[in-house]
K.L.:
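If you scroll down you'll find the structure; I have some questions about it.
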Amino acid sequence: MKDLTRVVHHPKIDQSGFESLTVPTYRASTIVFDTAEEYANRKHRGPDGYTYGLHGTPTTKTLEAQLTALENGERTVIVPSGQAGIAIVLLTVLRPGDKVLIPDNAYPPVRGFCVNYLAPRGIDHAVYDPMIGAEIADLIDDQTKLIWMESPGSTTMEFQDIPAIVKVAKARGIMTGCDNTWATPLLFKPLDHGIDFSMEALTKYVGGHSDILLGSISVSEVALHRALKDTTRMLGIGVSPDDCALALRGLETMGVRMKHIGEVSTIFAKRISGLPGVERVLHPALPECPGHETWKRDFAGCSGVFSVVLSPETEPYIPAALTAMKTFAIGASWGGTRSLIVPMSVRNDRVATPWTEEGTILRISVGLEDVEDLWADLDMVFREIGVASVGDIAQDI
Ligand SMILES: *Cc1c(COP(=O)(O)O)cnc(C)c1O
């Protein structure tokens, strides 16, 4: 072999005796075959085999297998983001003339996808009250092919009666999918409840460090996996093995992270409840959270994201109070090591169930910083906005 070949061909080395605790990052576009026959027959390797880097490497398949085990599923597909996971489920199930039902509190880009992408292509949607439960039967017509769920819902934290909705869907032969990002499979396993597609934004708790974007879709049936893989293949969608390696690393600490932030978020929610300027605290451990009983029945605990509905009088004091925080950062997304707060307004998003509260909603994501440092920030924020607004009310009287 001459040098110009040597620089291109890596020598095969003996890997026997090398056992590490980490998952190697296998990057590939081309996958090579030992014989011309194997290459000619590569399509017969099916969606579980290796044919081309876009469709999976041992690194991506390790993450898929680990999530499949956690979800009590049969197969998992990794996709480039949580939003991609939702879009791919909808594109896989729905055909022109079909209809999907989505909850009024869904992650907002879901509605955007229905309105701006699916509707012009002849796929209909209807928006339902997330607390609808078995009455979803009244919204089902011959067009309806998929019920999408998100429990709890983004920002407004309603816990859905998933078993009741699945029961109706199964009786009518309708598929179901659930965005399980808040709970992760550690707190809730959608497939155990008969959901067809369990979707997670791995970007959040699985990644756990605010540095990757990935999503997953887990299913209990090989046929559904094949259908999902058909969609990703047609659209040319694959994921980076480097991102999957980071997700595999994040997954190792997810158990202790979730336990810690669940405990801290519960403590904070209880302390904030009833403070001046606070109308409601939307955290499942509090009875005022919509679906509190459902959460107690169906979930194994809480994660670190919850919301606080403020009174309208606090409005002028919110920006300065948030800007003065020392430990919390202001930013969207969540699930990393850093604690985050964002001021939200959901009133313009609602169509099925009007949101009547006028005050801002603070969405809080608890991270891994020292609990006293975090509480010092929250204590300051709620003093600033609470005391000031109570002063306003006193003046009004
Ligand atoms: C963040 C999020 C998504 C989207 O995930 P990306 O990876 O950012 O696209 C979907 N659903 C929920 C509930 C989320 O919080």
Side-chain angles (χ1 to χ4, degrees), residues 60 63 67 71 76-91 100 102-114 116-117 130 148-160 162 176-188 190 195 197-218 232 235 237-240 242-244 246-247 250-251 254 257-258 261 265 282-284 291 295 299 302-307 329 331-336 338-342 344 346 349 361-367:
T60 60
L63 179 59
L67 291 170
E71 300 267 356
T76 295
V77 179
I78 311 288
V79 293
S81 69
Q83 173 65 8
I86 301 165
I88 287 164
V89 171
L90 270 53
L91 288 174
V100 55
I102 61 169
D104 211 2
N105 54 6
Y107 176 65
V110 178
R111 189 170 312 182
F113 183 68
C114 290
N116 300 312
Y117 191 91
W148 187 250
M149 285 164 255
E150 183 181 319
S151 185
S154 282
T155 309
T156 47
M157 297 294 295
E158 296 92 340
F159 283 79
Q160 298 195 255
I162 288 178
T176 51
C178 181
D179 182 335
N180 196 45
T181 301
W182 181 90
T184 81
L186 294 181
L187 303 183
F188 186 74
I195 298 256
F197 301 95
S198 173
M199 172 267 156
E200 316 274 350
L202 307 180
T203 306
K204 308 286 171 57
Y205 287 130
V206 171
H209 294 76
S210 313
D211 55 2
I212 55 167
L213 289 151
L214 280 179
S216 66
I217 310 157
S218 298
T232 56
L235 294 175
I237 288 173
V239 294
S240 155
D242 294 270
D243 288 346
C244 290
L246 288 173
L251 202 45
M254 187 168 77
R257 285 188 283 114
M258 291 288 282
I261 59 176
S265 77
L282 306 174
H283 183 288
W295 168 76
F299 286 65
C302 16
S303 65
V305 173
F306 68 103
S307 295
S333 196
W334 42 267
R338 292 288 306 271
S339 295
L340 301 173
I341 291 192
V342 268
M344 317 267 284
V346 299
D349 290 338
I361 302 176
L362 289 183
R363 191 181 68 195
I364 298 175
S365 171
V366 174

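For the numbers below, each heavy atom of this structure counts, side chains included, while hydrogens, waters and symmetry mates do not. First listed ligand is number 1; within each ligand, the first listed atom is number 1.
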K.L.:
Provide, to 0.1 Å, the distance between atom 9 (O) of ligand 1 and the closest protein heavy atom, together with that atom's residue and name.
P.N.:
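Among all protein heavy atoms, the one nearest atom 9 (O) of ligand 1 is Gln83 N, 2.9 Å.
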K.L.:
State the atoms of ligand 1, each with its element, that fall below the 4.0 Å cut-off from a heavy-atom position in Ala201.
P.N.:
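Selected atoms, number and element: 3 (C), 5 (O).
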K.L.:
When you compare ligand 1 with Lys204, is there at least one nitrogen or oxygen pair between them that comes in under 3.5 angstrom?
P.N.:
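The answer is yes, given that Lys204 and ligand 1 share an N or O pair closer than 3.5 Å.
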K.L.:
With a 6.0 Å cut-off on ring centres, are Phe197 and Trp148 close enough?
P.N.:
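Between Phe197 and Trp148, the centre distance exceeds or equals 6.0 Å.
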K.L.:
Testing the 3.5 Å rule here: is there a donor-acceptor pair between the side chains of Glu200 and Ser216?
P.N.:
no
K.L.:
Within a strict 4.5 Å, meaning less than it, do heavy atoms of the Ile364 and Ser307 side chains meet?
P.N.:
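Of all side-chain heavy-atom pairs linking Ser307 with Ile364, none is under 4.5 Å.
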K.L.:
Which value, rounded to the nearest 0.5 Å, describes the distance between Leu63 atom CG and Leu202 atom CG?
P.N.:
6.0 Å
K.L.:
For Gly82 and ligand 1, does the shortest N/O to N/O distance drop below 3.5 Å?
P.N.:
yes
K.L.:
Which distance, rounded to the nearest 0.5 Å, do you find between the CD1 of Ile341 and the CZ of Arg363?
P.N.:
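Atom-to-atom, Ile341:CD1 and Arg363:CZ are 11.0 Å apart.
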K.L.:
Closest non-hydrogen protein atom to atom 7 (O) of ligand 1, residue and atom name please, with distance?
P.N.:
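The answer is Thr203 OG1, 2.6 Å.
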K.L.:
Starting from atom 13 (C) of ligand 1, locate the nearest protein heavy atom and write down its residue, its atom name and how far away it is, to 0.1 Å.
P.N.:
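Answer, as residue, atom name and distance: Asp179 OD2, 3.4 Å.
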K.L.:
Is there a polar contact, in the sense of an N or O pair closer than 3.5 Å, between Ser154 and ligand 1?
P.N.:
no
K.L.:
Please determine whether any non-hydrogen atom of Trp334 lies less than 4.0 Å from an atom of ligand 1.
P.N.:
yes
K.L.:
Do we see a donor-acceptor contact under 3.5 Å between the side chains of Gln83 and Ser81?
P.N.:
no
